[in-house]
Protein chains: 2
Amino acid sequence: MQEQLVGEDSVPLYMRVRDQLAIRIEEGSLTPNTRLPSERILADEQGTTRVTARLALAQLEAEGRIFRSNRRGWFVSPPRLIYKPTQDYSFSENVISQGRVPATETLDVTPTEINAWLATRTGLAVGDPIVWLRRRRQIDGRPVLVENIYLNPKRLPAIETYDFNRSLWKLLREQYDVELQGKHIEMYPTALVGPQASALGVTIGTAGLYVTRCSHDAEGGFVEFDEEFWLHDALSIQVEVY
Amino acid sequence: MQEQLVGEDSVPLYMRVRDQLAIRIEEGSLTPNTRLPSERILADEQGTTRVTARLALAQLEAEGRIFRSNRRGWFVSPPRLIYKPTQDYSFSENVISQGRVPATETLDVTPTEINAWLATRTGLAVGDPIVWLRRRRQIDGRPVLVENIYLNPKRLPAIETYDFNRSLWKLLREQYDVELQGKHIEMYPTALVGPQASALGVTIGTAGLYVTRCSHDAEGGFVEFDEEFWLHDALSIQVEVY
DNA sequence: TTGTCAAACTGGTATATACCAGTAAAGCAA
DNA sequence: TTGCTTTACTGGTATATACCAGTTTGACAA
């Protein structure tokens, strides 16, 4: 039987700091993409230390309410993009339809060969030619995903000569008369590391969502395999089944 | 121009500790559900402090490779359960088919009323009766999700009198002749907080995946609305589209 | 006005330490 | 053997501090 800490002290300090900030975000005094006070200032305001302030910030980050920009500060997360992987073929159109501004950058285009990992996913044989496309996509100027796209050059001759900063889906339809049909989608939460983290300009270990999509054309031939690394707070996935 | 730290020191210490552990997991000297050395021991082994050891552990946790059990220690994550929300109707059958052992606990059954939030999701009116069912589900003895299920008592009379520790899907089919048809699924990564975190026995703020599923019967009538809170490392979602 | 550079500021990483709150094991008593 | 209590151990929370590595800003020079 102890005279234990009660009331406000039954909740850890870092959670109370979290709550303070969460209220400011909900009230609207901190709006999307606004910078939060710096960690040192937060710690002073709350009469605590940076370590504890960082715990509170990490908590809000895990909830998807704030994000950090490397050595620039913490910012309020904008609303999640609604993403319907079974329906949406165009990232740009989807972003625009939700009143946001999309941007796409092609990071790299490399003709290469199918490895064992791709072979099991695409149905092609190890050593078959494949075109590896790497893109970064933004919403309202914030990079939210990087993707590795593997295109079947047998089905899409000279694909590497096109401009990939526009809609890939339109390119396939208009230049190759491909209508994507079957899709196998897989996704799970994980941490962003290595080239993905640096391409998105986030700290190694930032929470992300990993999505792969394997598409076939109407005849069932393999067209493209897509591997997407999203910031975990940037999207909400919706699937309709009938 | 500085004589800068090179080689191993260009990688942060906590990442090197992470790598050490990751190797031990990949090699198989640390197998799923094995306890890792305690934070203090890890710190000693690596010649560093608990704070840094915890950074390394948090990194692996974010990647979904290890998980923690409150004040018991850190453990190697078992493989993710493959979950096909568009096809799977039975959690238990799905778990068994992947060679694992499922368990379901009913936490609570409460007849209540539709609130504004549920009204927009179910299509029912505020104040309509609804049965609120709360369950926890395990894989191989580890709680991996809690769910709030809202059942339509108009479509499912006396539903609250049944045993919910078995398959809900079978119950609906056998007792009410309901074949679930249309589904609207929504999901996004977030942190587990409040009752969800405590029901799963995890620290507040643990990464999770939030999934909602609204099901209708063949005639389009609302049957049930399901809200699931998963541990982020426990599942991989697969969707097939044709 | 423009460009450059230094200073101030930001988060990132790290050490050292302390006490609290649950868990689990050891030891002891019935 | 059984049940209880003590003890050791675990992660959880917190303070105080320091230096590093990029970003941003402001002063100053051209």
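Just so it is clear: chains get the letters A, B, ... in the order the sequence lines come, proteins before strands, and each one is counted from 1.
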If you apply the rule side-chain contact (heavy atoms from CB on, under 4.5 Å), what do you find for A:Ile66 with A:Leu36, and how did you get there?
CA-CA 9 Å; A:Ile66 65 175; A:Leu36 271 61; 4.1 Å; yes
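Candidate nucleotides D:dT15, C:dT15, C:dT13 were compared by shortest atom distance to the side chain of A:Leu13, and D:dT15 ranks first.
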Counting only pairs under 3.5 Å, give me each side-chain donor-acceptor contact of residues 191-205 of chain B, with atom names and distances, residues two or more places apart or in other chains.
unit_1	atom_1	unit_2	atom_2	d
B:Ser198	OG	B:Gly194	O	3.2
B:Ser198	OG	B:Pro195	O	3.2

Taking only distance into account, with no hydrogens and no angle test, what donor-acceptor pairs under 3.5 Å do side-chain atoms of residues 50-58 of chain A form with protein atoms, sequence neighbours excluded?
unit_1	atom_1	unit_2	atom_2	d
A:Arg50	NE	A:Glu39	OE1	3.0
A:Arg50	NH2	A:Glu39	OE1	3.0
A:Arg54	NH1	A:Glu39	OE1	3.4
A:Arg54	NH1	A:Glu39	OE2	2.8

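Scanning residues 51-71 of chain A for heavy-atom distances under 4.0 Å to DNA chain C yields A:Arg54, A:Arg68, A:Arg71. Within residues 31-39 of chain B, the residues having any heavy atom closer than 4.0 Å to DNA chain D are, in order of number, B:Arg35, B:Ser38, B:Glu39. Of the residues in residues 40-47 of chain A, those with a non-hydrogen atom less than 4.0 angstrom from any atom of DNA chain C are A:Arg40.
Not counting sequence neighbours, B:Arg72 has no partner by the salt bridge (Lys or Arg N to Asp or Glu O under 4.0 Å) test. Scored by the side chain to side chain donor-acceptor pair (under 3.5 Å) test, A:Arg134 finds no partners at all (sequence neighbours excluded). Every salt bridge (Lys or Arg N to Asp or Glu O under 4.0 Å) that A:Glu228 has, sequence neighbours left out, goes to A:Arg213. Taking the salt bridge (Lys or Arg N to Asp or Glu O under 4.0 Å) definition, one finds that B:Arg142 meets it with B:Asp233, sequence neighbours left out. B:Arg40 pairs by the salt bridge (Lys or Arg N to Asp or Glu O under 4.0 Å) definition with nothing, not counting sequence neighbours.
For B:Thr49, no side-chain nitrogen or oxygen approaches OP1 or OP2 of C:dA14 to under 4.0 Å. A sub-4.0 Å separation between OP1 or OP2 of C:dA24 and a side-chain N or O of B:Arg72 is present. Look at B:Thr48 and you'll find a side-chain N or O under 4.0 angstrom from OP1 or OP2 of C:dT15.
Nearest heavy atom pair, residue B:Val211 against residue B:Met187, reads CG2-CB, 3.8 Å.
B:Met15 places its CE atom 22 Å from the P atom of D:dC20, with the value rounded to the nearest Å. Taking atom CZ of B:Phe75 as the reference point, atom C1' of D:dG11 lies 11 Å away to the nearest angstrom. Distance CZ (B:Arg50) to C1' (D:dC9): 11 Å, rounded to an integer number of Å.
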I'd like a table of atom pairs between the protein and nucleotides 6-8 of chain D - only N or O on both sides, under 3.5 Å - with the distance next to each one.
none

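Side chain to side chain, A:Ser77 and A:Arg65 fail the donor-acceptor criterion of an N or O pair below 3.5 Å.
Sorted by first and then second residue, the ring-ring contact (aromatic ring centres under 6.0 Å, His included) pairs involving residues 28-68 of chain A (not counting sequence neighbours) are A:Phe67-A:Phe75.
A salt bridge links B:Glu93 and B:Lys170; the closest N-O separation between the charged side-chain nitrogens and carboxylate oxygens is under 4.0 Å.
Interatomic distance, B:Phe91 CZ to B:Tyr83 OH, rounded to the nearest 0.5 Å: 9.0 Å.
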